[in-house]
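Okay, so here's the structure we're looking at.
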There are 2 protein chains.
Amino acid sequence: MAGRAAVPEVIWARPERTGRGPRPAFTRADIAAAAVRLADAGGLDAVSMRHVAAELGCGTMSLYNYVPRKEDLYELMVDAVSGEHDLFEPTGDWRADMLRNARQTKALMHRHPWMVRLMSGVYGFSPNALRYLEHCLACLDPLEAPYGTKIELVAMLNGCVTTYVSNELSTAERVRSLPWSEEQENAVRIAYLGGQVASGAYPRLAASFAEDSGPIDLDAVFERMLGRVLDGFSPRG
Amino acid sequence: MAGRAAVPEVIWARPERTGRGPRPAFTRADIAAAAVRLADAGGLDAVSMRHVAAELGCGTMSLYNYVPRKEDLYELMVDAVSGEHDLFEPTGDWRADMLRNARQTKALMHRHPWMVRLMSGVYGFSPNALRYLEHCLACLDPLEAPYGTKIELVAMLNGCVTTYVSNELSTAERVRSLPWSEEQENAVRIAYLGGQVASGAYPRLAASFAEDSGPIDLDAVFERMLGRVLDGFSPRG
DNA sequence: CCTAGTTACGTACAGCGTACGTAGTGCGCT
DNA sequence: AGCGCACTACGTACGCTGTACGTAACTAGG
């Protein structure tokens, strides 16, 4: 009766099983996996309590026994894919190791494009996130710096990767739910942008368009960015 | 009759006024201002088509004459606050100027905390965003580098500022709509985190907690971050 | 054994974005 | 001048959302 208290809690602090009552039909991992499956297939908007419940084959409201709020479902999802990180053995070369981590994160976000929308809004203290953070700190053992600085490094690198992928995917993820194609969308935007630039109101922007730099190599842009971030933390850099 | 085509378009490409028919009762600026007012007062979730219409004093569906999709309303909002940037005269010291721009952006996002949620998802080619970009490029005139690099700089700096503020505000903006206080929320999260760290599963994380570095000076963290980003673009840096 | 705490889930409500139909208005063209 | 069309305005309605609440079945601890 009175067990339905609306009390502040982190889902990770609430035990998955308390012992009383019937055996739960699912684990948190089941639920997270179902939600991730839906998001991968149909974007984040396809993840509704009803859809996840249907995917699991249970009533909608039964989900609330496992996940008190929708936001907690998001936390489960983020934790689940955070577990996809390969926590390799540090090599002793912290720069190379962190590059590897960053590339992995990028690949992970390409696999799960909805992640970028969840990263800004979820806390990042889920078990797998903590494991990943600990792994990064292990990679940074060779770097002589206080832990505070190392955590700043990890945060900045992750942030940059997220922002980068977010820009990369901003059309792709959005376009999924629109009734027209990405080509159309881009064509319209480029036409508009070209018109603006041609208006003469933005001379430097126009110059940058005119600058002949060949086709943009996104991978190179990404790698340059990583290098710059790491440079900022290298001794005598 | 047939004028309600669902055609891909950027709202900025659609003229605000076509000449035919009755005078529109509002300008885009009116609508953006109303939405911004609501978001400032009640968070982004308070911005619904119905609420904005009520704030303007018109019927809900009338809004759709001005704003074909909700997403376009978001674009109007982002453009409106982008116009709050002070496009000062460049001083010739590109580093100082970009620092000033970044600090301004941070202040702007503190004034409108909902912006961080919109920044990842909106395109950023609105008139005021273009003006701001052009201004940044003007500040970067003294830097000898191709425009491609300068744009990478602006993107990275903006991205880092956004990420930083996002982390800073992740609780604050969220907590607004929860039925308990931020103190409670934080207490619960810290208790949980402390427990995890104390479990011994994360030795380096535990060490970083134990590290005595005095109270965290967020402003200093922010400034360090800016410095590192700019260092990555400084000649012989 | 009993009972308190859980699981399961149907119903219901308030709110959302928005498709569509209709009525009224005034510019542009003939 | 006046016809017609593009536009504004907006009520109604639909399908969807998160989730509060009530009820019935179940099981482990006292």
Side-chain angles (χ1 to χ4, degrees), chain A residues 1-7 11 14-28 30-31 35 38-39 42-77 121 174 177-180, chain B residues 1-7 9 11 14-28 30-31 35 38-39 42-77 121 174 177-179:
Chain A
M1 255 322 178
R4 237 184 277 251
V7 123
I11 189 163
R14 138 192 304 228
E16 185 159 1
R17 177 105 176 81
T18 49
R20 252 336 208 276
R23 285 249 139 69
F26 315 103
T27 65
R28 269 178 202 164
D30 293 332
I31 294 171
L38 287 177
L44 195 54
D45 293 338
V47 178
S48 73
M49 298 303 271
R50 276 169 246 257
H51 282 157
V52 174
E55 175 83 8
L56 288 165
C58 72
T60 305
M61 293 317 289
S62 308
L63 251 191
Y64 282 89
N65 287 321
Y66 303 87
V67 172
R69 298 182 310 268
K70 171 122 195 241
E71 223 184 37
D72 292 313
L73 178 61
Y74 287 151
E75 292 231 29
L76 289 190
M77 294 172 70
R174 209 185 72 115
S177 59
L178 293 184
W180 50 79
Chain B
M1 255 321 175
R4 238 184 279 251
V7 121
E9 45 182 332
I11 188 160
R14 139 192 304 227
E16 185 161 1
R17 178 104 176 80
T18 49
R20 258 324 213 277
R23 285 248 139 70
F26 315 104
T27 65
R28 270 180 200 161
D30 293 333
I31 295 172
L38 287 177
L44 195 53
D45 293 338
V47 178
S48 74
M49 296 303 271
R50 276 170 243 258
H51 282 156
V52 174
E55 175 83 6
L56 288 166
C58 73
T60 304
M61 294 315 290
S62 307
L63 249 191
Y64 282 88
N65 288 321
Y66 303 87
V67 171
R69 301 182 308 268
K70 170 114 194 248
E71 223 184 38
D72 293 313
L73 179 60
Y74 287 151
E75 293 230 29
L76 289 190
M77 294 170 71
R174 210 185 70 115
S177 58
L178 293 184

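Following rounding to the nearest Å, Asp72(A) (CG) and dG18(D) (P) show an atom-to-atom distance of 13 Å. Counting to the nearest Å, the C1' atom of dA6(D) and the CZ atom of Arg23(B) are 15 Å from each other. Counting to the nearest Å, the C1' atom of dG15(C) and the NZ atom of Lys70(A) are 15 Å from each other. Whole-Å rounding puts the Tyr64(B) OH to dC10(D) P distance at 15 Å. When the C1' atom of dA19(C) is taken as reference, atom CG of Leu63(B) falls 16 Å away, rounded to whole Å. The CG-C1' distance, from Asn65(A) to dT19(D), rounds to 13 Å in whole Å. The separation between Tyr66(A) atom OH and dT7(C) atom P is 7 Å, rounded to whole Å. Atom pair Asp45(B):CG and dT17(D):C1' shows a separation of 13 Å (rounding to whole Å applied).
Put simply, the side chain of Pro24(B) does not reach to within 4.5 Å of the side chain of Glu16(B), judged on heavy atoms. Within the 4.5 Å cutoff, the side chain of Arg28(B) has heavy atoms near those of the Ile11(B) side chain. Side-chain contact between Val67(A) and Val52(A): absent, with no pair of heavy atoms (C-beta onward) separated by less than 4.5 Å. Counting heavy atoms from C-beta outward, Met77(A) and Leu44(A) have side chains that approach closer than 4.5 Å.
Residue contacts for Ala53(A): at a heavy-atom cut-off of 4.0 Å it reaches no nucleic acid atom on any strand shown. Ser48(B) comes within contact range of the sugar-phosphate backbone alone, with a heavy-atom separation under 4.0 Å but no base atom that close. The residue Phe26(A) sits apart from the nucleic acid: no heavy atom pair falls under 4.0 Å.
Along DNA chain C, the nucleotide nearest to Arg20(B) and the one nearest to His51(B) differ in position, and the one closer to the 5' end is contacted by His51(B). When each of Thr60(B) and Arg17(B) is assigned the nucleotide of DNA chain D bearing its nearest heavy atom, the one mapping closer to the 5' terminus is Arg17(B).
When each of dT27(D), dT18(C), dT19(D) is scored by its nearest atom to the side-chain atoms of Pro22(A), the top-ranked nucleotide is dT27(D). Candidate nucleotides dT17(D), dC21(D), dG17(C) were compared by shortest atom distance to the side chain of Met49(B), and dG17(C) ranks first.
Put simply, the side chain of Arg50(B) and the base of dG17(C) share a donor and an acceptor less than 3.5 Å apart.
If you check the side chains of Asn65(A) and Ser62(A), you find no donor sitting under 3.5 Å from an acceptor.
OP1 or OP2 of dC10(D) lies within a sub-4.0 Å distance of a side-chain N or O belonging to Ser62(B).
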